[in-house]
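Everything below concerns the one structure shown next.
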Amino acid sequence: MEQCEGNNNDVEKERIIFDVHMEKNQEVDDEATLKRRLAGPSVLKSGQESVNQERINEIIYSASKGSKYFEAEQKRDLELRNRIERVQQEVKEYYRKLECDKGFQREWAERTDEIDGYMQELRSSRDLSQVIVHVDCDAFYASIEELRNENLKNVPMAVGKGVLCTANYMARKFGVRSAMPEFIARKLCPDLIVIPLNIPEYAKKSKEIQDVLAEYDQNLCPASIDEVYMNLTSYIHLHELSNDEDNIQKVVTQIRNKVLEVTGVSVSCGIAANKLLAKIASNMKKPNDQFFVSNEAELIEKFMFELPTRRINGIGRVLEQELLGLDIKTCGDIIHSRTLLSYVFKEKTFQNLIQCSLGIGSTIVQDFGDSNRKSIGSEITFSKAITSGGLLESKLQSLCQSLADDLSKRDLIANSISIKIKTDTFQVHTRQKNLREYIYNDTDLFCEALKLLRVEYPLRLRLLGVRLSKLTTKSSYFACQLKFSKQNSVPCPVCHKNLEDDLSVVNQHIDLCLNTETVKTVINNEKKGPPKRKRNTIDVFFRH
DNA sequence: GCGGATCAC
DNA sequence: TATGGTGATCCGC
């Protein structure tokens, strides 16, 4: 009973804090959240420390006002704020029940115990034995363009077409950022030089960088064109280096110097015991520097405690706002409000929040390459909205053609197709269909995509896309074929007819037969691939 | 299974 | 005047 009263006092305190927070929230200017939204997702990127964010947001806001994009964003912002308000009302109700509803008090206390048990399990599963480094190239595309043309080094410059992909640090001082439309960037920085994309160059440089890094870890895991995870544990062992911070820092400094020397690109590194922490760490000291996170559990949790939620990979603008609506700013706040959050969010989201806030993450650094691919697609934005009809359908056809090329390059066939459309009011829709047959050539893609598209007429589109999923490789089919092969004749696994043992003959025949359930089953059995990586989930939760 | 929404880069 | 392309995942229905 005593404990129960203690809890009640705590609840009372929480409720008062929350009410004060809600009152403060009411005072926030209605346009403030929209201004932040329009400022884009990369506001907290490095190189922005010295800019006057308020002023920049004001310029972006007035430059956007009146456009269809603006109106669409305004609508989304309103929906988000309504959602947040609904959750806040829910929370008020929880606090009300906590004050007077004995049954709910008990449930809440039990839930808290359960969560604490879950956290203990998570903590005991912590693997702190690995030395993992996240390598992140600084302003990657921009730094490559500077290597290609030295004159660009001393001027504000960005890379992209219509929308910017990245900006050099000089441009960032003006508030120019990735994902920003060019015309707004020019308002912020009239002298901005904008360079068109040279993706093949960037891919080449990316490979060069990976080649240097591979000397330290052969199994390195590229996370994107400009990011790599590596595991230095073996390297340190092999070179009989001691495992202390000093030594690790030295090795990473050496790696960064080597990358810079060989490729001309500066990188930032995060060093930690898992990928989650390493990723956060590489962002702590950008550009051209490194940050070390201890591998002692206590220090890790201390590090996470003060960390703003947004720094976690996977917590974006929306979830950040939703959390702020509950007065949650840091990972420490997440842990503190854990019971409430277990009511507010779904199981997956909740567990992820708790895990991340404890600084627990995967230690698996392994490149699955293309074998893990779930979908492949192609989409295009039109310079002017296109209405239903021949022109739109010819655009669809060329999308299907390029997609078919991609498929054949990767030896893939697909069992599901979807189209994506964005109307001239920036509303996005997808239409998906599972197929009875595997498809891969442009004609079949176009035929299926066209059916999905025509249903939606009449349309006025600013974007059209096609995406394929339920993929498998043609070669997995070859493997299946070999299994069945005999000396000089091969039975077709579909119709069991004996075929001449000649690759092209068999291939042609099976292409024709590929639409039967039999083959689909065999192919799926052959496929399977590496086991799916699972999060450390413990299902003590939400058994009902 | 489908469609919308969110997220990363 | 004007706001990208590719891929993944989660959630509600």
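Since we're looking at a predicted model, the values are computed, not measured. Naming convention: chains lettered A, B, ... in sequence-line order (proteins, then strands); numbering from 1 in each chain.
- Residue Q355(A) contributes atom CD, which lies 15 Å from atom C1' of dC10(C) at whole-angstrom precision.
- Atom pair K420(A):NZ and dG5(C):P shows a separation of 8 Å (rounding to whole Å applied).
- Here the side chain of K346(A) is nearest to one of dC2(B), dT3(C), dG12(C), namely dG12(C).
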Donor-acceptor pairs under 3.5 angstrom involving side-chain atoms of residues 462-469 of chain A: please list them, not counting sequence neighbours.
residue	atom	partner	partner atom	Å
R467(A)	NH1	S375(A)	OG	2.8

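- Taking only side-chain atoms of P181(A), from C-beta outward, the nucleotide of dC2(B), dC10(C), dT3(C) with the closest atom is dT3(C).
- For residues 193-206 of chain A, proximity to DNA chain C is found at no residue, defined as any non-hydrogen atom under 4.0 angstrom from a strand atom.
- Listed nucleotides dC2(B), dT3(C), dG5(C) differ in distance to F183(A); the shortest reach to its side chain belongs to dT3(C).
- Partners of D327(A) under the salt bridge (charged side-chain N to carboxylate O under 4.0 Å, His left out) rule, at least two apart in sequence or in another chain, are K329(A).
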Run the side-chain donor-acceptor check on residues 138-147 of chain A: report pairs under 3.5 Å with partners two or more places apart or on a different chain.
residue	atom	partner	partner atom	Å
D138(A)	OD1	S268(A)	OG	2.7
D138(A)	OD1	K286(A)	NZ	3.2
D138(A)	OD2	S266(A)	OG	2.6
D138(A)	OD2	N288(A)	N	2.8
S143(A)	OG	F140(A)	O	3.0
E145(A)	OE1	R148(A)	NE	3.1
E145(A)	OE2	N198(A)	ND2	3.1
E145(A)	OE2	Y202(A)	OH	2.5
E146(A)	OE2	N168(A)	ND2	3.2

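- Among the atoms of the strands shown, only primed sugar atoms or phosphate atoms (P, OP1, OP2) are found under 4.0 Å from some heavy atom of I376(A).
- Partners of R86(A) under the salt bridge (charged side-chain N to carboxylate O under 4.0 Å, His left out) rule, at least two apart in sequence or in another chain, do not exist in this structure.
- Note: NZ (K409(A)) to C1' (dT6(C)) measures 14 Å, nearest angstrom.
- Taking the side chain as every heavy atom from C-beta outward, E227(A) and V135(A) never approach each other to under 4.5 Å.
- Considering only the side chain of T349(A), dC10(C) comes nearest among dA8(C), dA2(C), dC10(C).
- One interatomic measurement links the two molecules: CD1 of I280(A) to C1' of dA8(B), which rounds to 14 Å at whole-angstrom precision.
- Phosphate contact (OP1/OP2 of dG7(C), side-chain N/O of R467(A), threshold under 4.0 Å): present.
- Here E227(A) lies in heavy-atom contact (under 4.0 Å) with sugar-phosphate atoms only.
- A salt bridge links K451(A) to E448(A): at least one charged side-chain nitrogen sits closer than 4.0 Å to a carboxylate oxygen.
- When heavy atoms are screened at a 4.0 angstrom cut-off, A179(A) is found touching base atoms of the nucleic acid.
- A salt bridge does not link E58(A) to R55(A): none of the charged nitrogens lies less than 4.0 Å from a carboxylate oxygen.
- Distance E379(A) CD to dA8(C) C1': 14 Å, rounded to the nearest Å.
- Residue S378(A) is classed as a sugar-phosphate contact, given heavy-atom separations below 4.0 Å to backbone atoms only.
- The side chain of R431(A) approaches dG4(B) more closely than any other nucleotide in the set dG4(B), dG4(C), dA2(C).
- The salt bridge (charged side-chain N to carboxylate O under 4.0 Å, His left out) check on R317(A) picks up nothing, with sequence neighbours excluded.
- Sorted by first and then second residue, the side-chain hydrogen bond (donor to acceptor under 3.5 Å, both in side chains) pairs with a member in residues 59-69 of chain A read E31(A)-Y61(A); sequence neighbours excluded.
- For the contact set between residues 312-322 of chain A and DNA chain C, defined by any heavy atom under 4.0 Å, there are no members.
- Phosphate proximity of dT6(C) to S375(A): absent, as no side-chain N or O sits under 4.0 Å from OP1 or OP2.
- Between K75(A) and L78(A) the shortest side-chain heavy-atom distance does not fall below 4.5 Å.
- Partners of S224(A) according to the side chain to side chain donor-acceptor pair (under 3.5 Å) rule, which considers only residues two or more places apart in sequence or in another chain, are D226(A).
- Side-chain polar atoms of E121(A) and S125(A) form no donor-acceptor pair below 3.5 angstrom.
- Contacts between residues 63-71 of chain A and DNA chain C, defined by a heavy-atom separation below 4.0 Å, involve S64(A), S67(A), Y69(A), listed by number.
- A salt bridge between K409(A) and D405(A) is absent, with no side-chain N of the basic residue lying under 4.0 Å from a carboxylate O of the acidic one.
- dA8(C) atom P lies 16 Å from atom NZ of K348(A), rounded to whole Å.
- Toward the 5' end of DNA chain B, the nearer of the two residues R310(A) and K433(A), judged by each one's closest nucleotide, is K433(A).
- Within the 4.0 angstrom heavy-atom criterion, only backbone atoms of the sugar-phosphate kind lie near I380(A); the bases stay farther away.
- Along DNA chain C, the nucleotide nearest M180(A) and the nucleotide nearest R410(A) are compared for position; the residue whose nucleotide lies closer to the 5' end is M180(A).
- Counting only residues at least two apart or in different chains, side-chain hydrogen bond (donor to acceptor under 3.5 Å, both in side chains) contacts with residues 184-193 of chain A comprise E182(A)-R186(A).
- Between L353(A) atom CG and dC7(B) atom C1' the separation is 14 Å, expressed in whole Å.
- Near DNA chain B, meaning a heavy atom under 4.0 Å away, the residues from residues 422-430 of chain A are H429(A), T430(A).
- A donor-acceptor contact shorter than 3.5 Å links the side chain of K275(A) to the backbone of I364(A).
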Inset, instruction - I would like to know whether R111(A) and S342(A) meet side chain to side chain donor-acceptor pair (under 3.5 Å); could you show each step before the answer? - result: CA-CA 8 Å; R111(A) 179 76 73 102; S342(A) 81; 2.8 Å; yes

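- Looking at heavy-atom distances under 4.0 Å, R83(A) makes contact with sugar-phosphate atoms alone, never a base.
- Residue R436(A) contributes atom CZ, which lies 16 Å from atom P of dG1(B) at whole-angstrom precision.
- Closest contact between the side chain of L463(A) and the listed nucleotides dT3(C), dG5(C), dT9(C) involves dG5(C).
- For the C1' atoms, the distance from dG4(C) to dC7(B) is 15 Å, rounded to whole Å.
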